[in-house]
There are 2 protein chains.
Amino acid sequence: MKGIRRLAQQLDISIGTVSRALNGKPDVNEQTRARVLEAAAAMGYVPNQAGRSLREGSTKAIGFTIESGTDTAGNGDNFFLGVIDGVQAVFSRHHLDLVVLPCSTEEDPSQYLRRMVARGMVDGMIISATHRRDARIELLANARLPFIALGRSGTPGPHPWIDLDFEGVANRGIDRLVAKGHRRIAVGLPSNDINLGFVFFEGYKAALARHGIPFDPTLVIRAGSSEQGGYQIAHELLNLPERPTAVILIYEMMAIGLYRRLNEAGVRPGRDIAVIGFREGPQSRFLSPPLTCFRLSLRDLGVALGESLMASMPAYAEIYPQGLVRRIWPLELVPGESDDFTIPR
Amino acid sequence: MKGIRRLAQQLDISIGTVSRALNGKPDVNEQTRARVLEAAAAMGYVPNQAGRSLREGSTKAIGFTIESGTDTAGNGDNFFLGVIDGVQAVFSRHHLDLVVLPCSTEEDPSQYLRRMVARGMVDGMIISATHRRDARIELLANARLPFIALGRSGTPGPHPWIDLDFEGVANRGIDRLVAKGHRRIAVGLPSNDINLGFVFFEGYKAALARHGIPFDPTLVIRAGSSEQGGYQIAHELLNLPERPTAVILIYEMMAIGLYRRLNEAGVRPGRDIAVIGFREGPQSRFLSPPLTCFRLSLRDLGVALGESLMASMPAYAEIYPQGLVRRIWPLELVPGESDDFTIPR
DNA sequence: TAGGGCTTCGTAAACGTTTCGGAGAAAAAT
DNA sequence: ATTTTTCTCCGAAACGTTTACGAAGCCCTA
């Protein structure tokens with residue numbers, strides 16, 4: 001005899017009453033409830049999740065899919081660990097557990113997601129690293145599983161997302177560089193079709209146009225989102241017939257490799273070329289020279305993600321007013337010395 | 001009508017036969033099996049996990065618990081993403097899925113683990129960041145859930161683990177420093193009671209003893225595992241009446257903050273003090289000067305973890321010979337310039 | 001032709017939980 | 001005193017799956 005049955009037998013009441021007592025249902029004598037609660041605690045009873053979710057159709061768990069592997073995300077652990085901490089702060093208030101579902105580098109993300117959805121392990125999903133056209137979004141919509149995307153997507157149909165302010169970053173970064181006299185400004189973009197690359201690129205082009213700077217495709221370098229990618233970007237820029245005077249990068253990790261290649265060529269960031277990175281990482285301030293980049297609170301972003309997902313879960317409609325969230329997350333400029341290089345007029 | 005029932009109805013055979021066909025059981029006509037498989041694929045049938053695991057008592061999923069939050073792990077980089085990728089490579093061969101269970105910074109890790117085990121969501125567990133006396137180990141042993149720890153522990157009772165070669169690192173690091181004439185060698189340790197701190201400390205003391213260097217408790221600094229911790233370590237070392245000539249750090253992240261504080265004081269690593277870090281991170285080579293540290297393959301470590309867990313799961317006894325794994329994972333020295341500082345005799 | 005073995009399939013039970021409908025008793029209303 | 005309401009509780013069904021058991025049909029042997 002196991003589970004609730006054992007508990008009921010020991011207390012000599014029916015399993016139905018035990019269940020109602022445990023779940024705070026009204027029609028149970030308060031004295032009985034106290035006995036049940038005490039006995040449950042005493043024998044360390046915890047409801048079997050399989051049984052419960054089979055009956056309930058819900059699992060009290062939320063999934064957060066990321067890509068595993070060390071070079072894919074363009075973000076160190078700390079990005080996801082930070083965001084997750086915020087997400088958890090929201091969910092724990094409602095006794096929802098967060099499970100992180102890492103998609104192997106060897107598997108197609110949408111196939112993976114399909115499996116995970118089919119598993120029926122979660123009541124909602126947070127997806128990250130959205131692509132330009134992301135099959136996962138259609139998949140989740142079809143499965144009618146509440147979800148929110150960390151990152152916009154060009155996928156048709158309304159779906160909730162929160163995304164970083166890539167246009168704003170591109171705008172402010174380029175404004176800053178133009179103010180220092182730069183006009184040949186290169187951009188380092190991801191080589192895959194992750195959507196943020198497109199968004200950032202659009203912001204870049206718009207900012208240039210605003211300043212009346214003609215767009216030069218040779219200044220657009222696409223590379224992997226890792227340190228190696230940054231190295232490659234620097235390499236290509238150095239080989240350009242007419243070298244840019246400034247570069248803005250989509251990933252901070254790229255800055256590390258970019259610095260390395262520039263140093264090899266005797267080109268010092270901040271003195272011979274202006275560099276602006278994107279999201280501030282642990283090492284940004286400790287690069288030499290410190291990287292000018294943009295900061296955001298990972299935890300706050302996680303909280304926003306969590307609350308927005310709640311807002312699309314019908315089961316919590318009373319607590320979180322339902323609605324379709326589409327939100328641009330602001331970032332704060334962190335001035336370093338990597339863009340000190342100024343072009344005299 | 002849903003699930004297997006719908007499939008059976010459509011094919012006009014019993015659900016039992018459908019189930020057996022799907023699961024590759026022998027007593028089903030091959031022609032029938034083909035029909036079932038085809039129909040299942042056509043209507044995108046996937047077995048409900050709750051129903052299955054209720055019946056089976058197994059879930060075909062493995063848990064990997066880590067600590068969320070950005071400053072707790074001491075790994076500001078891709079440590080977990082790298083390890084997870086290796087773990088997944090093993091499990092995917094057996095159609096086991098990996099779920100990462102991040103313990104919030106606000107919750108007690110063993111309470112959290114208890115909940116996750118009780119959830120019955122996983123057939124096995126990998127725990128990380130083991131402590132000196134780790135309640136989670138006893139908990140998992142009592143629950144008879146197969147598990148392996150990434151990190152040793154002083155917890156009594158036999159349990160499987162894989163751990164980095166902290167003694168080896170301490171030994172080789174100190175040998176290297178002593179060979180350069182250092183005798184006042186400080187050590188930066190974590191401030192919490194994570195077990196690796198003790199192991200590293202023991203290795204440090206043993207290595208000193210081997211060289212006949214008296215142990216000086218004032219050279220042992222405990223701090224948070226983040227960049228801030230490293231800053232604090234440097235600060236305390238600088239304030240010592242007799243400053244050490246070398247320092248060895250348990251976390252690479254500490255090196256970043258340590259460098260910062262040292263630079264503020266005009267003390268240059270590699271010239272005025274020798275610094276050795278522990279695990280190589282993405283930025284180790286790009287610190288100025290490059291950090292002397294130790295390297296390991298995260299993915300290989302993950303593979304070893306996965307295979308070792310398999311070896312403690314009775315259900316896979318034919319494939320992976322059962323046994324209690326206790327393994328020290330080697331690291332490779334990566335010479336930098338941070339320990340170039342030599343003491344003349 | 002009777003019986004035994006093999007193949008294939010259907011039936012039903014079981015996993016642990018929640019909840020619906022109702023039952024019995026006590027309390028309240030008539 | 002009878003009816004109605006209220007308070008507790010019980011029994012049973014249901015969620016979707018797997019599997020033990022048995023039955024039916026067939027082929028083969030004696």
Side-chain angles (χ1 to χ4, degrees), chain A residues 1-37 39-40 43-61 95 97 115 117-123 143 315, chain B residues 1-37 39-40 43-61 95 115 117-123 143-144 315:
Chain A
M1 189 85 63
K2 286 176 63 180
I4 205 174
R5 222 163 231 108
R6 188 155 75 101
L7 200 51
Q9 191 186 34
Q10 200 178 57
L11 290 165
D12 198 35
I13 37 185
S14 79
I15 61 171
T17 305
V18 173
S19 174
R20 288 196 314 276
L22 256 23
N23 294 21
K25 300 291 167 176
D27 55 348
V28 45
N29 187 308
E30 282 309 322
Q31 183 184 340
T32 315
R33 188 193 305 278
R35 279 180 57 217
V36 171
L37 256 36
M43 64 196 295
Y45 166 80
V46 277
N48 175 294
Q49 188 57 33
R52 169 178 280 177
S53 59
L54 180 56
R55 166 69 210 212
E56 289 287 88
S58 89
T59 65
K60 298 281 184 187
H95 302 281
D97 287 315
R115 271 217 335 272
V117 170
R119 252 186 178 280
M121 196 169 45
V122 296
D123 294 345
Chain B
M1 188 83 62
K2 285 175 64 182
I4 204 174
R5 221 161 232 109
R6 188 154 75 103
L7 200 51
Q9 190 185 34
Q10 200 177 57
L11 290 165
D12 199 32
I13 41 183
S14 78
I15 61 171
T17 304
V18 173
S19 175
R20 287 196 310 272
L22 254 24
N23 294 21
K25 300 290 167 178
D27 55 346
V28 44
N29 187 308
E30 282 308 322
Q31 183 185 339
T32 314
R33 186 193 305 279
R35 277 180 58 217
V36 171
L37 255 39
M43 65 196 294
Y45 167 80
V46 278
N48 175 296
Q49 188 57 33
R52 169 179 282 176
S53 59
L54 181 56
R55 164 71 209 209
E56 289 286 89
S58 90
T59 64
K60 299 280 184 187
H95 302 283
R115 271 216 335 271
V117 170
R119 250 186 179 283
M121 195 169 46
V122 296
D123 295 344
R144 299 189 196 294

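None of the values given here were measured: they were computed from a predicted structure. The chains referred to below are lettered A, B, ... by the order of the sequence lines, with proteins before strands, and numbering in each begins at 1.
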Subject >> Nearest-0.5 Å distance that lies between atom OG1 in A:T59 and atom CZ in A:R119 >> reply: 12.0 Å
Original post:
How many angstroms lie between CG in A:D97 and CZ in B:R115, if you round to the nearest 0.5 Å?
Top reply: 4.0 Å
**OP:** Identify the two heavy atoms, one from B:S58 and one from B:S53, that lie closest to each other, and give their separation to 0.1 Å.
**Re:** O-CB, 3.1 Å
**OP:** Flag the pair A:R20 / A:T17 as yes when at least one side-chain heavy-atom distance between them is below 4.5 Å, and no otherwise.
**Re:** yes
Original post:
Do B:L7 and B:L22 have side chains that get closer than 4.5 Å, going by heavy atoms?
Top reply: yes
Original post:
First and last nucleotide of DNA chain C touching chain A, 5' to 3', heavy-atom cut-off 4.0 Å?
Top reply: C:dG16 to C:dT19
Polar pairs (N or O, both sides) under 3.5 Å between protein and nucleotides 19-24 of chain D?
residue, atom, partner, partner atom, Å
D:dT19, OP2, B:K25, NZ, 3.3
D:dT19, O4', B:R55, NH2, 3.0

Original post:
Taking side chain as C-beta onward, heavy atoms only, is B:V28 less than 4.5 Å from B:V36?
Top reply: no
Original post:
Rounding to a whole Å, what distance do you find between B:L54:CG and D:dA14:P?
Top reply: 16 Å
Original post:
What closest approach, in Å, do B:A21 and B:L37 show between heavy atoms, and which atom pair accounts for it?
Top reply: O-CD1, 4.1 Å
**OP:** Have a look at A:T32 and say if it touches a base, only the backbone sugar-phosphate, or nothing, with a 4.0 Å heavy-atom cut-off.
**Re:** sugar-phosphate
**OP:** On DNA chain D, check which nucleotide each of A:E30 and A:R5 is closest to and give me the residue with the more 5' one.
**Re:** A:E30
Original post:
Less than 4.5 Å apart, any side-chain heavy atom of B:Q49 and any of A:M121?
Top reply: no
Original post:
Would you say A:R6 has more than 12 foreign heavy atoms packed within less than 6.0 Å of its CZ?
Top reply: no
Subject >> Spacing of B:L7 atom CG relative to D:dT17 atom C1', expressed in whole Å >> reply: 13 Å
Original post:
Quantified as the angle between the terminal helix axes (five pairs each), what is the overall bend of the helix from C:dT1-D:dA30 to C:dT30-D:dA1 to 10 degrees?
Top reply: 60°
Original post:
At their closest point, which heavy atom of A:R52 faces which heavy atom of A:N23, and how far apart are they?
Top reply: NH2-OD1, 4.2 Å
